[in-house]
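Have a look at the structure below, then the notes.
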Amino acid sequence: MISALNRLVAVVEEHLAEALDLQALAGDLGTTEHHLRRMFSSLAGMPLSEYVRRRCMTVAAADVVRGEEDLLTIAVRFGYGSTEAFGRAFRAVHGAGLSEVRRAGGPLRAQPQLRFRLTVEGSTPMDIRLVNRPSFRLIGHAARVPLFHEGINPHIQRHITALPPQEHGRLKDLSSTEPHGLLQICDDVDADGVEGSELTYLHGVAVSPGTSTPDDLDAIEVPAGAWAVFRSSGPHPQALQTMWAATATEWFPSNPWRLRPGPSIVAVLERAEDFTTATCELWLPVEPA
C-alpha cells in the first residue's frame, strides 16, 4: 500500500494540470480507487483532491512570481479557463491574490511533495479478528449527518436522543444476527473522508436477509463478504477514534487486505452508565489486497 501511495504521488506530480484517471491507476497498482482514496486521506490528513490543488498552486506560484507570462497563460496551463477561476483557487491556497504575489513575491504557502513511509511502532495494540459473513440487513432509524473526525458528533447525538426510550428496546429485540445489539452504522461515506461531507447514519440492528422490515424503519442491504473486526476499550469516543485511525496508519499498510465499499459498523459491547468509557467493536468491510 505504501508503494502504491508513493506511485500515486509521483503520477500526480507528472500530470498536475491534467485530470487524473484514478480508477485506471488504482487498477494498475493492484488496488481499488475506493481503498486508494481512503488510505491517502487517512495517512496524508487531507483528501487527494485537496493535495492536488495545493501542489498545483505551489508550482503555479513560481510562474506567477517570475512574471514572464501573462496570468491567463499560466491559468490555462494549470487547467483553468479564466484568470478569475485561477485567482480564486490561488487565493484559497496562498491567502493572497495573484497581483499581490506578482508584485511583492508573496506571501506564499508551499505544499511539499508527499512521501509515504511505513514506521512500525506498535503504538496501538490491535485486537482484531477476520470473519466471513453471509449477506444481512441493517434496519433502524437513518439520518443524513456531516462527518466529524474527532469528538462526539452532535448531529448523531441529536438523532439518537430524539428517539423515544422504548424504541431502543424495540430495536434490540429485532436484532437476530452478528454483529449483535444496537449498532452505530455509517454508510455512503465520502471516499476522501472530507470532514463536513454528508453520510448516512443508521441507529439500528443487524437481521437476516429474509427478515421483514417494519414500515417505520429504514434498511441497508449488506452483501456477503469479509470483515475486519477491531476491538477498542477505554474513554469514549476517544479510544474508538484512536483505533479507527490506527487501522489506516498501522494495520492496512502492513496487512494483505484493503477496504471495500460498504458500511462501517460500531457495536458497543460494554459501557459505563454515563458512556464516558466503553468497549466497542469496529466492523470494516474488507477484501484481499
Side-chain angles (χ1 to χ4, degrees), residues 1-118 146-147 149 188-199 248-249 252-253 258-259 261:
M1 193 65 238
I2 296 299
S3 61
L5 289 170
N6 282 324
R7 178 56 187 150
L8 169 61
V9 168
V11 171
V12 166
E13 206 65 22
E14 294 165 7
H15 305 280
L16 272 179
E18 304 170 23
L20 184 64
D21 188 347
L22 193 57
Q23 185 174 8
L25 176 60
D28 291 341
L29 295 173
T31 186
T32 64
E33 179 180 354
H34 178 81
H35 186 64
L36 199 59
R37 284 188 181 276
R38 290 286 292 272
M39 291 300 101
F40 184 95
S41 62
S42 295
L43 295 175
M46 72 182 90
L48 176 61
S49 57
E50 176 64 15
Y51 172 72
V52 171
R53 187 169 68 98
R54 291 185 187 182
R55 280 299 299 155
C56 190
M57 291 301 106
T58 295
V59 175
D63 293 340
V64 173
V65 171
R66 274 196 296 268
E68 297 174 356
E69 300 171 302
D70 63 82
L71 294 175
L72 181 58
T73 299
I74 299 172
V76 171
R77 179 182 305 129
F78 287 93
Y80 291 86
S82 67
T83 54
E84 290 78 11
F86 178 58
R88 286 192 296 271
F90 192 90
R91 181 179 288 277
V93 171
H94 295 292
L98 292 167
S99 58
E100 179 183 356
V101 168
R102 171 154 281 189
R103 182 179 62 254
L108 295 171
R109 297 172 185 163
Q111 169 62 59
Q113 185 175 346
L114 290 178
R115 290 289 186 274
F116 292 94
R117 294 181 176 87
L118 176 60
L147 174 64
H149 289 304
D188 298 325
V189 180
D190 179 75
D192 287 324
V194 178
E195 186 152 20
S197 59
E198 279 202 337
L199 59 92
T249 59
F252 279 110
R258 66 189 179 203
L259 285 167

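If you take CE on M39 and CZ on R258, they are separated by 12.0 Å, rounding to the nearest 0.5 Å. Atoms CG and CG, on L36 and L5 in that order, are 6.0 Å from each other to the nearest 0.5 Å. Residue R91 holds its CZ atom at 13.5 Å from CE of M57, rounded to the nearest 0.5 Å. To the nearest 0.5 Å, atoms CG (L22) and NE2 (H34) are separated by 12.0 Å. Taking CG of D192 as the start and OG of S42 as the end, the distance is 10.0 Å to the nearest 0.5 Å. Here the CG-CD distance, from L98 to E84, works out to 10.0 Å after rounding to the nearest 0.5 Å.
Using modelled atom types, one side-chain atom of H35 and one backbone atom of L259 make a donor-acceptor pair closer than 3.5 Å. Remark: the backbone N or O of A110 is not paired with any side-chain donor or acceptor of T58 at under 3.5 angstrom. Side chain of Y80 to main chain of A89: no donor-acceptor pair is present (N/O by atom type, distance under 3.5 Å, no hydrogens or angles).
Residues P146 and G196 approach most closely at CB-O, 3.8 Å, considering heavy atoms. Nearest heavy atom pair, residue L114 against residue F40, reads CD1-CZ, 3.8 Å. Of all the heavy atoms in A191 and S41, the pair that sits closest is O-OG, 4.1 Å.
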Walk me through whether L72 and F86 qualify under side chain to side chain contact (heavy atoms under 4.5 Å, CB included). CA-CA 9 Å; L72 181 58; F86 178 58; over 6 Å; no
Kindly indicate, with the supporting measurements, whether the criterion side chain to side chain contact (heavy atoms under 4.5 Å, CB included) is fulfilled by L20 and L8. CA-CA 10 Å; L20 184 64; L8 169 61; 3.9 Å; yes
Verdict with supporting geometry, V65 and L108, side chain to side chain contact (heavy atoms under 4.5 Å, CB included): CA-CA 10 Å; V65 171; L108 295 171; 4.2 Å; yes
Please assess D190 against L147 for the test side chain to side chain contact (heavy atoms under 4.5 Å, CB included), listing each intermediate value before the final yes or no. CA-CA 9 Å; D190 179 75; L147 174 64; 5.8 Å; no
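For E69, the CD atom counts as densely surrounded, since its 6.0 Å shell holds more than 12 non-hydrogen atoms of other residues, nucleotides or ligands.
A salt bridge does not link R7 to D28: none of the charged side-chain nitrogens sits closer than 4.0 Å to a carboxylate oxygen. Using a 4.0 Å cut-off between charged side-chain N and carboxylate O, R37 and E33 make a salt bridge.
Shown are E13, E50, E14; of these, the salt bridge (Lys or Arg N to Asp or Glu O under 4.0 Å) with R55 is made only by E13.
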